[in-house]
Structure formats: C-alpha cells, structure tokens
Amino acid sequence: MNCYSCPGAVAACPIGALQATIGSYEYKFAFYVAGFMILVGTFMGRFVCGWLCPFGLIQDLLNKIPLPSKLKIRTFKGDRQLRWLKYGILLVFVILLPLYITDMIGQGYPWFCKLICPVGTLEGGIPLVLLNDTMRATVGWLYAWKNVILIVTILVSILIYRPFCKYICPLGAIYSLFNPVSILRYRVDSEKCVNCGACAKACKMGCDPVKNANSLECIRCGKCKNICPTHAIEYCAVSKSMKKKDNSRVSQE
C-alpha cells in the first residue's frame, strides 16, 4: 500500500486516489477506483485487512510486544460504539469534504490523508523529511500533528489489537460492508459446533463466529478457524443452505 502522500508512490492507496478525483465528474478515474474496491470487497470482504494490509501487520507486531496481561486491553466500555467512528470518517473526510471542496481544476483535497492517516506519515512523511533538506525546512504544525497521531497509534497498538483498523480506517469500513455478501466467507457447521466458545475467545477483533460468522469486524485472519477443536469453521464460496436447495431441486427433477 503506497501512500497517496508520497510522490514516489507507484500505485496510490485507493482511499487517497478516490479523494483526489471524487470532486469532479470529469475524472472518470474515481469510478475505476470505486469499482476496484467494490470488486475486491465482493470477492474477499475484509480479507484484505487481515492478510494484505502492511499497516495491519505493523499493528500486529506492536501488539505482540510483551506486557503484563493487565495492561493489554481486549475491550472497554464504549468499544462497540467507537467502532462506528470509521464509518463517520469515511463519510466526512473521504466522501463529503473532497466532493464539495475542490481546487480550480476540480480535484478534491485528500482530507483524510492530510489530517488523519498515520500510514502516510510513516511511509511517506517521515522518510521524505529525513532524506530531504528542503523538506525539513518547510515542516510545520501539520507535520507535527501527524507525528502525534502516529505516535499515539503506535502506543495504543501495543495495548489494543489493531486500533487503527477497528476505529479509524475508512478502507476497512468500505470492505466491512461486503463481509456478509462476499464470495469468500466463513461458514460454521452447526452439526460439528459444540459451542465451546474457543473461537470467540481467540478473536482479537471481538467477533463471535457462532453468532455471526461474517461480522463487519471480521478480518478473516483465520484464528477462529485454526483453534476450533471440531473444525466447524471453514472458508466457503457457497453456503451450505444453498447447496441443500440445489440438491433438493435436482432430486425433485
């Protein structure tokens, strides 16, 4: 995931590209970006978050830093409500502001990248400032603000599993909407499940696969699948109920 903020990026983060072009219908590239995200979401849902996102990997590694168990925060009061924040950020900073506030040629400003995203600071801002004397002379309050966000994200990631993914990331918010309908999904075999609760305890995103195997918060990391003692959880492209319907139709014919 090359940050949109980095001028050396070969391929930009789709969120940054969407912000830049959503403000004008003349930029058909916005439809291509949206179509790409819809295509990926339709096939995989938040599988991207669990297996392809480099900042997700960084958060995973930070959370593995050993600390007393009392300091590790699995959940807290207001956790579920706070998870809706990423949808608000998606609506305001990625869609509405770039859509209505544009420059002279109709390009939207990357408000999320500019004001919030710590990924851009880590992958683009800091390397550019360290390696470029001219850039160091021009840094101001915005660069300082973004570094504060990055530092806070790093510190919180040590205590809470993937806080950026849970509460902030608009790309995760987009892909989460496809979790219930994506082609690649989880299925819990009710005949094999013994309701031991091991899968819910293993999920660091706070999901319970038995209640909802394809929760909006599920990142398809596979921890629940791997820990299940009866192998009741599996990836599937077609649900079991659909298979039964198809089989019954064949038998009737």
Side-chain angles (χ1 to χ4, degrees), residues 1 15 41 45-94 111-113 115-122 144-180 185-186 188 193 195-228 233:
M1 182 171 64
I15 290 295
R46 290 195 76 178
F47 181 91
V48 176
C49 304
W51 294 94
L52 300 178
C53 177
F55 199 66
L57 173 61
I58 292 173
Q59 292 176 89
D60 276 349
L61 296 176
L62 289 170
N63 193 251
K64 291 181 181 296
I65 294 177
L67 286 177
S69 57
K70 293 181 179 180
L71 296 179
K72 294 287 186 177
I73 303 173
R74 183 177 179 85
T75 187
F76 56 89
K77 186 177 181 179
D79 170 61
R80 288 294 173 183
Q81 292 75 17
L82 190 59
R83 297 194 188 205
W84 290 100
L85 177 62
K86 59 180 174 286
Y87 299 101
I89 290 175
L90 170 64
L91 179 63
V92 175
F93 289 92
V94 178
W111 294 101
F112 174 74
C113 301
L115 299 178
I116 299 176
C117 186
V119 184
T121 307
L122 181 64
W145 165 249
K146 293 294 295 293
N147 274 276
V148 169
I149 294 178
L150 175 61
I151 292 170
V152 171
T153 303
I154 290 173
L155 294 177
V156 175
S157 296
I158 298 173
L159 305 177
I160 301 175
Y161 183 75
R162 288 196 178 214
F164 181 75
C165 302
K166 288 179 178 177
Y167 313 121
I168 298 177
C169 182
L171 188 58
I174 292 174
Y175 288 143
S176 72
L177 300 176
F178 293 92
N179 260 8
R185 65 179 70 183
Y186 280 140
V188 178
C193 179
N195 293 302
C196 63
C199 54
K201 292 178 182 178
C203 181
K204 292 186 177 182
M205 293 296 288
C207 305
D208 187 345
V210 175
K211 293 181 179 179
N212 186 358
N214 297 286
S215 164
L216 299 182
E217 296 299 318
C218 175
I219 58 174
R220 311 281 205 247
C221 66
K223 288 183 174 65
C224 61
K225 179 178 178 294
N226 295 333
I227 204 170
C228 180
I233 303 174

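All values reported here derive from a predicted model rather than from experimental measurement.
- Side-chain contact between Tyr186 and Pro209 is absent, with no heavy-atom pair separated by less than 4.5 Å.
- Among residues two or more places apart in sequence or in another chain, the ring pair (Phe, Tyr, Trp, His ring centres under 6.0 Å) test is passed with Tyr161 by none.
- Sequence neighbours left out, the pairs with a member in residues 45-57 that pass salt bridge (charged side-chain N to carboxylate O under 4.0 Å, His left out) are Arg46-Glu217.
- Under the 4.5 Å side-chain criterion, counting only non-hydrogen atoms from C-beta, Arg162 is in contact with Ile219.
- Put simply, the side chain of Ile149 does not reach to within 4.5 Å of the side chain of Thr121, judged on heavy atoms.
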Kindly list each side-chain donor-acceptor pair under 3.5 angstrom involving residues 47-59, sequence neighbours excluded, with atom names and distances?
residue	atom	partner	partner atom	Å
Trp51	NE1	Arg220	O	2.6
Gln59	OE1	Phe164	N	3.0
Gln59	NE2	Phe55	O	3.3

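- Side chains of Leu216 and Pro180 form a contact here, defined as non-hydrogen atoms less than 4.5 Å apart.
- Once rounded to the nearest 0.5 Å, the distance linking CG of Leu150 with OG of Ser157 reads 9.5 Å.
- Leu85 pairs by the side chain to side chain contact (heavy atoms under 4.5 Å, CB included) definition with Leu82, Ile89, not counting sequence neighbours.
- A 4.5 Å side-chain heavy-atom check between Leu159 and Leu155 finds every atom pair outside the cut-off.
- Applying the salt bridge (charged side-chain N to carboxylate O under 4.0 Å, His left out) rule to pairs touching residues 149-159 yields nothing, sequence neighbours excluded.
- Proximity of a side-chain donor or acceptor of Asn179 to a complementary backbone N or O of Asn214 within less than 3.5 Å is not detected.
- For Trp84, the ring pair (Phe, Tyr, Trp, His ring centres under 6.0 Å) partners two or more places apart in sequence, or in a different chain, are Tyr87.
- Every residue two or more places apart in sequence or in another chain that forms a side chain to side chain contact (heavy atoms under 4.5 Å, CB included) with Val92 is listed here: Leu97.
- Distance check: Leu71 CG to Ile158 CD1 gives 11.0 Å after rounding to the nearest 0.5 Å.
- The side-chain hydrogen bond (donor to acceptor under 3.5 Å, both in side chains) search around Lys223 returns none, not counting sequence neighbours.
- Here Lys204 contributes atom NZ and Cys221 contributes atom SG; the two are 9.0 Å apart, rounded to the nearest 0.5 Å.
- Here the closest heavy-atom approach between residue Ser176 and residue Ala173 is recorded as OG-O, 2.7 Å.
- Here CG of Leu62 is found 10.0 Å from OG1 of Thr153. Values are rounded to the nearest 0.5 Å.
- Pairs engaging residues 65-75 under the salt bridge (charged side-chain N to carboxylate O under 4.0 Å, His left out) rule: none recorded [sequence neighbours left out].
- Sorted by first and then second residue, the side-chain hydrogen bond (donor to acceptor under 3.5 Å, both in side chains) pairs with a member in residues 166-175 read Asp79-Tyr167; sequence neighbours excluded.
- To the nearest 0.5 Å, atoms SG (Cys207) and CG (Asn212) are separated by 8.0 Å.
- For the side chain to side chain contact (heavy atoms under 4.5 Å, CB included) test, residues two or more places apart in sequence or in another chain that qualify with Cys196 are Val194, Ala198, Pro229.
- With sequence neighbours excluded, the residues that form a side chain to side chain contact (heavy atoms under 4.5 Å, CB included) with Leu115 are Phe93, Trp111, Leu142.
- Contact check for Cys199 versus Ile233: side-chain heavy atoms found under the 4.5 Å cut-off.
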| request: Kindly indicate, with the supporting measurements, whether the criterion side chain to side chain contact (heavy atoms under 4.5 Å, CB included) is fulfilled by Val94 and Leu171. | output: CA-CA 10 Å; Val94 178; Leu171 188 58; over 6 Å; no
